[in-house]
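What follows is a set of notes on a single structure, which appears directly below.
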Amino acid sequence: MDLGSYDYVIVGAGTAGCLLANRLSADPGVRVLLLEAGGRDNYIWIHIPVGYLYCMNNPRTDWCYKTEPIPGLAGRVLDYPRGRVMGGCSSINGMIYMRGQARDYDQWRQLGNVGWGWDDVLPFFMQHEDYSFGADDMHAQGGEMRIEAQRLHWPILDAFRAAAIESGIPATNDFNRGDNEGVDYFQVTQRGGVRVNANKAFVRPVRDRPNLRVVTKAQASRLRFDGTRVAGLDVIVDGTSATVAVTGEVVLTCGAIGTPQVLELSGIGDPERLGSLGVPVVADLPGVGENLQDHLQVRMVFKVQNARTLNTLANNWLGKMRIGLNYIFTRSGPMAMAPSQLGAFTRSDESRETPNLEYHIQPLSLPRFGQPLDPYPAITTSVCNLRPDSRGSVHATSPDVRVAAAIQPNYLAEPSDRQVAAQSVRLTRRIMTARAMAPHAPEEVRPGAHIESDEDLAHEAGQIASPIFHPVGTAKMGSDDRAVVDYRLRVHGLQGLRIADASIMPTITSGNTNEPVLMIAEKAAAMMREDRP
């Protein structure tokens, strides 16, 4: 099957790919092809916010990856959700709107990535923003991505917020002004209690453009080259082999897991590793698949009294019916809530220049994702190290792209990360003993108040921790011997190939990563338009 020839081919219709398709096809003089390995986003649970529970580990919407055994987490193998549907991870994620800290981007610039400082990237954050709270020098209205307040509050979370303030974490009403220190409810990418994913925001409004073609159930298996220039790619479309020709550029937007796999199967990576796969070397870039970073959350659970939590609201059919009716008639209530409602950013110790911890506070608890809620009223105080020192990897295991890559996040491998984990447990305990929490008599269930030493706390953190699924860095931007793309996102040593997704981040941002990926795609589109002959 021949899919034709295009000026631009975008591989992956996730968060970045959808925005790029919109921006590049705005020029009627170019032909744009957007490929998506998954299907359409017409599954109802994508759009109902609480539906992430039914989208993760569902092959209709999720790649259903699993990690390798992780030594720092007691050898556990974890589910590792990644969006396999139009909109990608923006169709199954927590909808939290978070840019990160100005420091993150200034550090990228200090690493030699020209044009990636905070002042440089702020306009690209604002370009697609429809900020319901009003425009100012940091926010814009009228863009495609809607940002609103969450449509419910929980008194028990209000109590935690007051306790955090008592403990020295300042109140805030906006985490997205360059310094996200503080505590408040997260803002979310919703419109009237309904998820806004990247497909809904960027692709659906322009699907009738004659120069834009979208093909679903189309998995890119290999890039084809004429010397060092990309000439096209091989694709599997609904089980059938197909080819695509490209006259301009291919942009990989498969994410931090998918992008390094496509690169390696195309002959781009470490020559020894490529040889083990039987793939001829096109470009010697040993950094491909390395430098994996992610946010690991220590999920502490506290029983509470005199409080309404989802554990008790949803523990019978009558309660579930009330929740459903509330959403049907008001687009509010628990079905409208993001996975985490209240957030806080603070420091694990006073030596930190800026906050290095992020809290996701939830009015519910469960032993593991996918398991039933605990049978008692409880809250979960998840806290993650925003800037881990541990590094993992993602590598192809077979020349067949349909065989999943090996994902080794390597959480808690570094002593510094284990120390931060122990410090974060101690800080959480201090917050939970603040005066504002006293009416709820919090009782630590996990990891357990009897665990006290740093060594034991770090060990137990590894037992109860889980990822927030923010993988980045596996095709990092830079000029060192491990960099894969330059500061204009062009793959080193090749022509006609760029990467514009979370894999290019040299270091992980200090917060949730969906919005930084939109910014990367926005900036990539601008650079591609500038560079077009």
Side-chain angles (χ1 to χ4, degrees), residues 45 48-57 94-96 149-164 166 183-186 188 190 193 195 297-344 359-383 425 428-429 431-450 463-466 468:
W45 287 115
I48 298 173
V50 80
Y52 71 92
L53 292 169
Y54 307 102
C55 292
M56 291 184 178
N57 299 314
M95 296 161 283
I96 292 172
Q150 297 193 58
R151 296 171 68 85
L152 72 167
H153 282 68
W154 297 80
I156 186 63
L157 298 189
D158 294 337
F160 183 94
R161 182 178 183 275
E166 281 184 50
V183 57
D184 198 17
Y185 282 83
F186 289 120
V188 291
Q190 295 181 11
R195 178 193 293 272
Q297 56 184 346
V298 180
R299 295 178 55 82
M300 298 181 68
V301 171
F302 292 83
K303 284 185 182 179
V304 292
Q305 299 178 19
N306 308 314
R308 180 172 55 97
T309 75
L310 196 60
N311 289 17
T312 49
L313 281 180
N315 65 358
N316 58 65
W317 283 109
L318 180 59
K320 292 174 181 176
M321 184 180 299
R322 286 172 176 163
I323 289 170
L325 290 172
N326 190 9
Y327 186 76
I328 289 171
F329 289 108
T330 70
R331 291 292 183 266
S332 187
M335 289 186 69
M337 72 184 196
S340 300
Q341 292 80 58
L342 189 77
Y359 279 90
H360 293 77
I361 313 301
Q362 303 142 350
L364 56 87
S365 69
L366 65 167
R368 291 274 189 271
F369 285 117
Q371 296 184 4
L373 297 171
D374 290 321
Y376 44 77
I379 66 171
T380 300
T381 59
S382 295
V383 56
V425 172
T428 307
R429 287 173 173 173
I431 294 171
M432 296 301 284
T433 57
R435 189 169 54 253
M437 288 301 299
H440 304 292
E443 176 188 344
E444 185 178 322
V445 177
R446 292 188 282 273
H450 62 286
Q463 300 285 335
I464 64 173
S466 62
I468 315 182

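What you see is a predicted model; the values in this text were computed from it and never measured.
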Atom of [X], atom of [Y] and distance for their closest heavy-atom approach:
X      : Y      : value
Leu373 : Leu310 : CD1-O, 3.8 Å
Val188 : Ala338 : CG1-CB, 4.0 Å
Gly343 : Phe186 : CA-CZ, 3.2 Å
Ala307 : Pro377 : O-CB, 4.3 Å
Asp374 : Pro367 : OD1-CD, 3.4 Å
Arg446 : Ile464 : C-CD1, 4.1 Å

Going from [atom1] on [X] to [atom2] on [Y], what distance comes out if it is rounded to the nearest 0.5 angstrom?
X      : Y      : atom1 : atom2 : value
Thr309 : Gln362 : OG1   : CD    : 12.0 Å
Thr380 : Tyr359 : OG1   : OH    : 13.0 Å
Leu342 : Trp154 : CG    : CH2   : 13.0 Å
Gln190 : Gln150 : CD    : CD    : 7.0 Å
Met95  : Ser340 : CE    : OG    : 10.0 Å

Are side-chain heavy atoms of [X] and [Y] found at a separation under 4.5 Å?
X      : Y      : value
Leu364 : Met337 : yes
Gln305 : Pro439 : no
Lys303 : Asn311 : no
Val50  : Pro334 : no
Arg161 : Asp184 : yes
Arg299 : Ser466 : yes
Ile431 : Phe160 : yes
Ser365 : Phe302 : no

- Item | Contacts of type side-chain hydrogen bond (donor to acceptor under 3.5 Å, both in side chains), residue Asn306, not counting sequence neighbours |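 With sequence neighbours excluded, Asn306 shows a side-chain hydrogen bond (donor to acceptor under 3.5 Å, both in side chains) to no residue whatsoever.
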- Query: What pairs with Arg429 under side-chain hydrogen bond (donor to acceptor under 3.5 Å, both in side chains), at least two apart in sequence or on another chain?
  - Reply: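 Listed in chain order: Glu444.
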- Message: Taking OH in Tyr54 as the centre, count heavy atoms belonging to other residues, nucleotides or ligands within less than 6.0 Å. Is the count above 12?
- Response: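 Counting other residues, nucleotides and ligands, OH of Tyr54 stays at 12 neighbours or fewer.
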